[in-house]
Visitor: 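Have a look at this one before I ask anything.
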Amino acid sequence: MEQFDVVIVGGGSAGLAALKHLSSKGIQSVLMEAGSTVGTKNVSGGILYSKNPQTGKVYNVDEIFENFLQEKPWERQITKYILNCVSKDKVLSIDLTDSHEYQSNFGCSVLLNKLNSWFAKQSLEVAERNGGGIVNGVHVRNISWDEEKGKTIIQTDELDDFEAKAIIASDGVNSEVAEITGARKKFSPPELYQGVKVVVKLPEEIIEERFDLSPGEGTAHIFAGDVTLGHIGGGFLYTNIDSLSAGVVYHYDSLISNPMGPNNLVNALLNNPFVKEYIKDEVALEPYPDKSLSKMEQLRIKFAVNKLIKRWEKLRFEYYSHEGKKRFLDDKEFNSIEDVKSKMDAIHKELLEKYNTRFETDYVELEYSTKLIPDGKRCRMKKPYIKNILFIGDAAGRGLFIGPRIEGLNVGIDDAVRASNAIKQALEKNNLDVASNYLGELYSQSVQESPYTMDMERIDKYYIKTIIDTAGKQIPSQKIGKYRLLFRLFQNDKLRNISIDIVNKIGYNNMLSLIESEETYIHTPINIAAKLGTKTISEYSLSIPELSQRISNLSYNDDPQSHIKIINPRSEFMKKMVTLCPTKCYSLEGEDVVLQHEGCIECGTCSPETEWRHPRGEKGIQYKYG
C-alpha cells in the first residue's frame with residue numbers, strides 16, 4: 001500500500017497554503033481535491049487580508065506565497081471600506097477605512113477560482129520536488145486507523161487505498177472528514193451564516209470612474225438596514241478588476257426563524273437604488289424578429305446581430321481595460337485607441353439603425369453561488385484535531401465575523417501554517433503515534449496562541465474605538481434621537497472600556513444574542529439612514545434572472561448517484577429547506593419533503609439534517625469565478 005508523509009483533503013486556500021508550506025519544509029505532501037481542477041468548487045465573499053497584530057504573530061499569505069504581491073492573483077487592493085446604513089431609498093455612508101486598516105498590511109478582493117488556481121501552481125512546483133503533488137477528481141470516502149500496526153488508511157471513490165502519517169482536513173464547513181472520524185458534530189444553524197453572492201460584469205475603467213478609484217485600487221461597501229428584509233446580517237459589494245461581487249450574509253438561525261429564498265435576499269440588495277446605480281451598465285438586447293420575413297431571413301438576421309453584439313461587447317470591454325488597450329496596440333489590430341472607439345461606435349450605430357437593436361441601462365450577472373460560513377465565535381473546534389488529523393479553516397469552524405470585520409481566508413492560511421509546523425515538529429520527534437495526541441496537542445496549542453483565536457474569544461476595545469471614532473465624526477449624535485445617549489456614552493473611552501471589560505468578563509459568547517440582535521443589525525441602521533441619509537433615485541429596472549436561469553447558467557458535471565439523503569422527511573427543519581435551499585432542490589409532497597432534483601451547488605444548507613456528502617470526484621458544481 002502506497003504511503004505519504006502528509007495527505008491534505010480539500011484544495012481551498014487553506015489546504016493549498018498547507019501544501020506549499022509543508023513542501024517548502026521538505027515534507028512529502030499530497031493534496032486530494034474533489035473538483036476536476038483546483039478552485040472550481042470554492043466560493044468566497046471575499047477579501048483576503050494580510051494582518052499585523054500588535055500582540056502575537058499570524059502567518060500571512062504574502063509570507064507563504066513569496067510572489068503574491070508581484071504576480072497579483074487577486075482582483076483589487078481595497079483602499080476604501082464603507083458601511084452603508086439603508087432605509088428604503090435613503091443611505092448614510094460611513095467611511096470605515098480606518099477599521100479595515102486596523103492591524104492590517106493590506107486587504108484585497110479575490111475570486112477564488114483565479115486565486116486558488118494560482119496557489120495550486122505555486123504549491124505544485126514545490127510539492128513535486130518532494131515526491132508530492134495535487135491529485136484532482138478524488139473524493140475521500142473513508143479514513144480508518146489500524147492502531148496495532150500504526151497505520152492510517154485513506155479510502156477514496158477513485159483510487160486504491162493508501163496510507164498517511166498525518167492528515168490535514170481542509171474540506172470546508174461541511175467537513176466529511178470530521179463526520180467520518182467523529183471529530184466534531186455537524187454545525188447547527190446558530191453556529192453558521194448563509195452567504196449568497198452574484199458576480200456582476202462591469203468594465204474595468206467604468207468601475208474606477210464610478211467608485212472614484214485609481215487603477216488597481218478597490219473599494220468595499222457593506223450594508224445594514226432594511227436591505228436584510230428583517231434578517232440579522234447584511235450585504236456587501238466589492239470591486240474586482242472587471243466585475244463586482246454583490247451578496248448577502250445572514251445568521252442561519254435568523255433565516256430558519258423567517259425562511260426566505262436566498263435568491264430573493266440577494267435580489268433585495270441588487271434592487272436597492274444605491275446599489276443599482278453602482279452595478280448598471282449599457283446592455284445590448286436582441287431586436288424582436290420581423291415576423292413578416294421568411295424564417296430563413298429571420299435566422300440570418302439573428303446570427304448577424306448576435307455576431308455584432310458579441311464583437312461590440314468584446315471591443316467595449318477591452319476598450320475600458322488598461323491591459324486591453326495595450327493589447328490592441330501590441331497586436332497591431334488597430335493603429336490607435338481612437339480607432340478602437342470609432343469601430344465600437346460604428347458597430348453600435350449599425351446595430352441601432354440597421355437591425356433595430358435596443359440598448360438599455362441594465363446589469364449583467366455572471367454567476368450565482370451560495371455557501372455556509374462558520375461563525376468562529378460560536379463554533380470553532382476547541383480541540384481542532386482527532387488522533388493524527390488536524391482541522392484547519394472552515395473545517396475547524398474558524399472565521400471572524402465581528403461587526404464590519406469579516407475574515408476567513410486569512411484565518412485558514414494561518415491555521416494551515418500552524419498545522420504544517422506542528423507536523424514538522426512531530427516528524428522530527430518521530431512522534432506521530434495516533435494514541436499519544438502529541439501532534440494534536442502541538443497544533444491545538446499553536447491555534448490557541450493565534451491572535452485570530454483571541455479575536456474570536458474577546459471583544460477588542462481598540463478595534464471598537466476605531467469604529468466609534470470614525471462614526472462619531474460622521475454621525476451627529478444630537479440627530480439620532482433615542483440612540484443619542486447610548487452613542488455618547490460609547491464615545492467616552494472610560495465608559496466604553498468598562499462596558500467591554502464587563503462583557504469580556506461575563507464571556508463574549510454569553511452576550512452574543514444581545515450584541516448581534518435585530519436592534520443592532522436592522523432597526524438602528526434604518527433609523528440612522530432615515531434621519532441622516534441621502535436619497536438616491538434610480539430610474540431603470542433590473543432584469544434579474546429567474547432562479548432557474550441562474551442555475552442553468554452554472555456548470556455541472558452531473559452525478560447520477562445522489563450525494564444527499566433525507567433522514568426525516570417530516571421534520572420542521574426539512575420543511576424549511578423547501579424555501580431555504582438556494583437551488584430549490586426540495587418540494588413538499590403531502591406531509592413529506594422530497595428531493596426533487598440536484599441542481600446542487602454544494603452549499604450544504606440542508607446538511608444539518610441530511611446524510612450529506614460531496615459528490616464523487618469531478619462530479620457536481622464547477623464555479624467559473626468562485
Visitor: Do the side-chain N and O atoms of H231 and Q194 include a donor-acceptor pair separated by under 3.5 angstrom?
Guide: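 No pair is found: no donor N or O on one side chain lies under 3.5 Å from an acceptor on the other.
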
Visitor: Supply the atom-to-atom distance L112 CG to S117 OG, rounded to the nearest 0.5 angstrom.
Guide: 9.5 Å

Visitor: Give the minimum heavy-atom separation between G617 and H139, together with the two atoms involved.
Guide: N-CB, 3.6 Å

Visitor: Are K341 and D345 close enough, and set up right, to give a salt bridge (Lys or Arg N to Asp or Glu O under 4.0 Å), and what steps lead you there?
Guide: CA-CA 6 Å; K341 182 73 165 61; D345 292 344; 3.0 Å; yes

Visitor: Can you tell me how far apart CZ (R398) and OH (Y452) are? Round to the nearest 0.5 Å.
Guide: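 Spacing of CZ (R398) from OH (Y452) equals 10.0 Å.
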
Visitor: Using the ring centroid of each side chain, check whether Y49 and H100 are separated by less than 6.0 Å.
Guide: yes

Visitor: How about F211 and Y278: are their ring centres within less than 6.0 Å of each other?
Guide: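 So the answer is yes for these two rings.
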
Visitor: For a 4.5 angstrom cut-off between non-hydrogen side-chain atoms, does N60 reach N105?
Guide: yes

Visitor: Could you give me the CA-CA distance, side-chain angles and deciding distance for K326 and E323, then say whether salt bridge (Lys or Arg N to Asp or Glu O under 4.0 Å) is met?
Guide: CA-CA 5 Å; K326 277 201 280 185; E323 288 298 318; 3.4 Å; yes

Visitor: Do F328 and D339 come within less than 4.5 Å of each other through their side chains, counting heavy atoms only?
Guide: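 The answer is no; the side chains never approach within 4.5 Å.
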
Visitor: If we ignore angles and hydrogens, is there a donor and acceptor under 3.5 Å between the side chains of S543 and D362?
Guide: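 S543 vs D362: donor-acceptor pair found between side chains.
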
Visitor: Considering residues at least two apart in sequence or located in another chain, which fulfil the ring-ring contact (aromatic ring centres under 6.0 Å, His included) criterion with F106?
Guide: none

Visitor: Examine distances only and state if a side-chain atom of D331 and a backbone atom of E333 form a donor-acceptor pair shorter than 3.5 Å.
Guide: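 Pair absent, no side-chain N/O of D331 close to backbone of E333.
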
Visitor: Is it the case that K276 places NZ or CZ above or below the six-membered ring of Y540, under 6.0 angstrom from the centre and within 45 degrees of the axis?
Guide: yes

Visitor: Could you check whether any side-chain heavy atom of N116 comes within less than 4.5 Å of a side-chain heavy atom of S13, counting everything from C-beta outward?
Guide: yes

Visitor: Restricting to non-hydrogen atoms, name the atom on A268 and the atom on L229 that form the minimum distance, rounded to 0.1 Å.
Guide: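 That closest heavy-atom pairing would be CB-CD1, 3.7 Å.
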
Visitor: I'd like to know if the side chain of Y252 and the backbone of T605 have a donor-acceptor N/O pair within less than 3.5 Å.
Guide: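 Side chain of Y252 to backbone of T605: a pair is present.
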
Visitor: Please report the interatomic distance OG(S93) to CD1(I82), rounded to the nearest 0.5 Å.
Guide: 6.5 Å

Visitor: Look at atom CD of Q70 and say whether more than 12 heavy atoms of other residues, nucleotides or ligands are closer to it than 6.0 Å.
Guide: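 Counting neighbours around CD of Q70, more than 12 heavy atoms of other residues, nucleotides or ligands fall under 6.0 Å, so yes.
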
Visitor: For V173 and I373: C-alpha separation, side-chain torsions, deciding distance, then whether side chain to side chain contact (heavy atoms under 4.5 Å, CB included) applies.
Guide: CA-CA 7 Å; V173 62; I373 306 158; over 6 Å; no

Visitor: Answer yes if the ring centres of Y250 and Y193 are under 6.0 angstrom apart, and no otherwise.
Guide: no

Visitor: Should we say atom CG of D330 is surrounded by more than 12 heavy atoms from elsewhere, each under 6.0 Å from it?
Guide: yes

Visitor: Ignoring hydrogens and angles, state whether a donor on the side chain of D62 or S50 is under 3.5 Å from an acceptor on the partner side chain.
Guide: yes

Visitor: Compare every heavy atom of Q474 with every heavy atom of I94, then report the nearest pair and how far apart it is.
Guide: CA-OE1, 3.3 Å

Visitor: E367 side chain to G626 main-chain N or O, any donor-acceptor pair under 3.5 Å?
Guide: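 Side chain of E367 to backbone of G626: a pair is present.
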
Visitor: When you measure from the centre of the six-membered ring of Y319, is the NZ or CZ of K325 closer than 6.0 Å and no more than 45° off the axis?
Guide: yes

Visitor: Quick one, I347 and K343 - any side-chain contact, counting heavy atoms below 4.5 Å?
Guide: yes

Visitor: Step by step, work out the salt bridge (Lys or Arg N to Asp or Glu O under 4.0 Å) result for E539 and K280.
Guide: CA-CA 11 Å; E539 295 181 337; K280 69 183 181 183; over 6 Å; no

Visitor: For S104 and K51, does a side-chain donor sit closer than 3.5 Å to a side-chain acceptor?
Guide: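 A pair is found: one side chain offers a donor N or O, the other an acceptor, under 3.5 Å apart.
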
Visitor: Indicate yes or no for a side-chain donor-acceptor contact from E602 to the backbone of I621 under 3.5 Å, with no hydrogens or angles considered.
Guide: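 A pair under 3.5 Å: yes.
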
Visitor: Please give me the minimum heavy-atom distance between L532 and I475, naming the atom from each residue.
Guide: CD1-CG2, 3.6 Å

Visitor: Any side-chain heavy atom of H322 sitting closer than 4.5 Å to one from E208?
Guide: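 The answer is yes; the side chains approach within 4.5 Å.
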
Visitor: Test R316 against E313 for salt bridge (Lys or Arg N to Asp or Glu O under 4.0 Å), laying out the working first.
Guide: CA-CA 5 Å; R316 182 171 174 270; E313 287 177 341; over 6 Å; no

Visitor: Just so I know, are the side chains of I392 and I168 near enough to count as touching, which here means a heavy-atom distance under 4.5 Å?
Guide: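 With C-beta onward as the side chain, the pair touches.
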
Visitor: Nearest heavy-atom pair of C85 and A529: which atoms, and what distance?
Guide: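 Closest heavy-atom pair between C85 and A529: O-CB, 3.2 Å.
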
Visitor: Step by step, would you call H348 with E282 a side chain to side chain donor-acceptor pair (under 3.5 Å)?
Guide: CA-CA 11 Å; H348 189 283; E282 184 180 22; 3.1 Å; yes

Visitor: Distance from K624 atom NZ to N553 atom CG, nearest 0.5 Å?
Guide: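 Taking NZ in K624 and CG in N553, the distance rounds to 11.0 Å.
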
Visitor: Would a 4.5 Å heavy-atom cut-off, applied to side chains only, mark N113 and Y625 as touching?
Guide: no

Visitor: Where do F317 and L202 land on the side chain to side chain contact (heavy atoms under 4.5 Å, CB included) test, with the steps shown first?
Guide: CA-CA 8 Å; F317 232 71; L202 199 61; 5.7 Å; no

Visitor: Do D212 and K80 come close enough that some side-chain heavy atom pair is under 4.5 Å?
Guide: yes

Visitor: May I ask you to decide if I241's main-chain N or O and E75's side chain share a donor-acceptor pair within less than 3.5 Å?
Guide: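 Here the side-chain-to-backbone pair exists.
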
Visitor: Would R358 count as a cation-pi partner of Y288, with NZ or CZ less than 6.0 Å from the six-membered ring centre and within 45° of the ring normal?
Guide: yes

Visitor: Compute the ring centroids of F236 and Y238, then answer whether they are less than 6.0 Å apart.
Guide: yes

Visitor: Nearest 0.5 Å, please: how far is OG in S87 from NZ in K90?
Guide: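 Separation between the atoms: 7.5 Å.
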
Visitor: For E297, I'd like to know if atom CD has over 12 heavy atoms of other residues, nucleotides or ligands within 6.0 Å.
Guide: yes

Visitor: Show the numbers, then the answer: is there a side chain to side chain contact (heavy atoms under 4.5 Å, CB included) between Y363 and V275?
Guide: CA-CA 11 Å; Y363 89 118; V275 175; over 6 Å; no

Visitor: Any ion pair linking R76 and E217 (charged N to carboxylate O, less than 4.0 Å)?
Guide: no

Visitor: For a quick test of reading the model, state the closest non-hydrogen atom pair linking E618 to N557 and the distance between them.
Guide: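 For E618 and N557, the tightest heavy-atom pair comes out as O-ND2, 2.8 Å.
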
Visitor: Is the number of heavy atoms from other residues, nucleotides or ligands within 6.0 Å of NZ (K114) greater than 12?
Guide: yes

Visitor: Taking atom types as modelled, is there a side-chain donor on S245 or N240 under 3.5 Å from an acceptor on the other?
Guide: yes

Visitor: So does T239 get a backbone contact from the side chain of S109, meaning a donor-acceptor N/O pair under 3.5 Å?
Guide: yes

Visitor: Counting only N and O atoms by type, is there a donor-acceptor contact under 3.5 Å from the side chain of T370 to the main-chain atoms of P582?
Guide: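 No.
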
Visitor: Between E277 and F274, is there a donor-acceptor pair closer than 3.5 Å when you use the side chain of the first and the backbone of the second?
Guide: no

Visitor: For the CG atom of L31 and the OG atom of S23, what is their distance to the nearest 0.5 Å?
Guide: 9.5 Å

Visitor: Is the distance between the ring centroids of W312 and F359 under 6.0 Å?
Guide: yes

Visitor: Is S369 reaching over with its side chain to a backbone N or O of V43, donor-acceptor style, under 3.5 angstrom?
Guide: no

Visitor: Would you find a donor on one side and an acceptor on the other, under 3.5 Å apart, between the side chain of Q298 and the backbone of L293?
Guide: yes

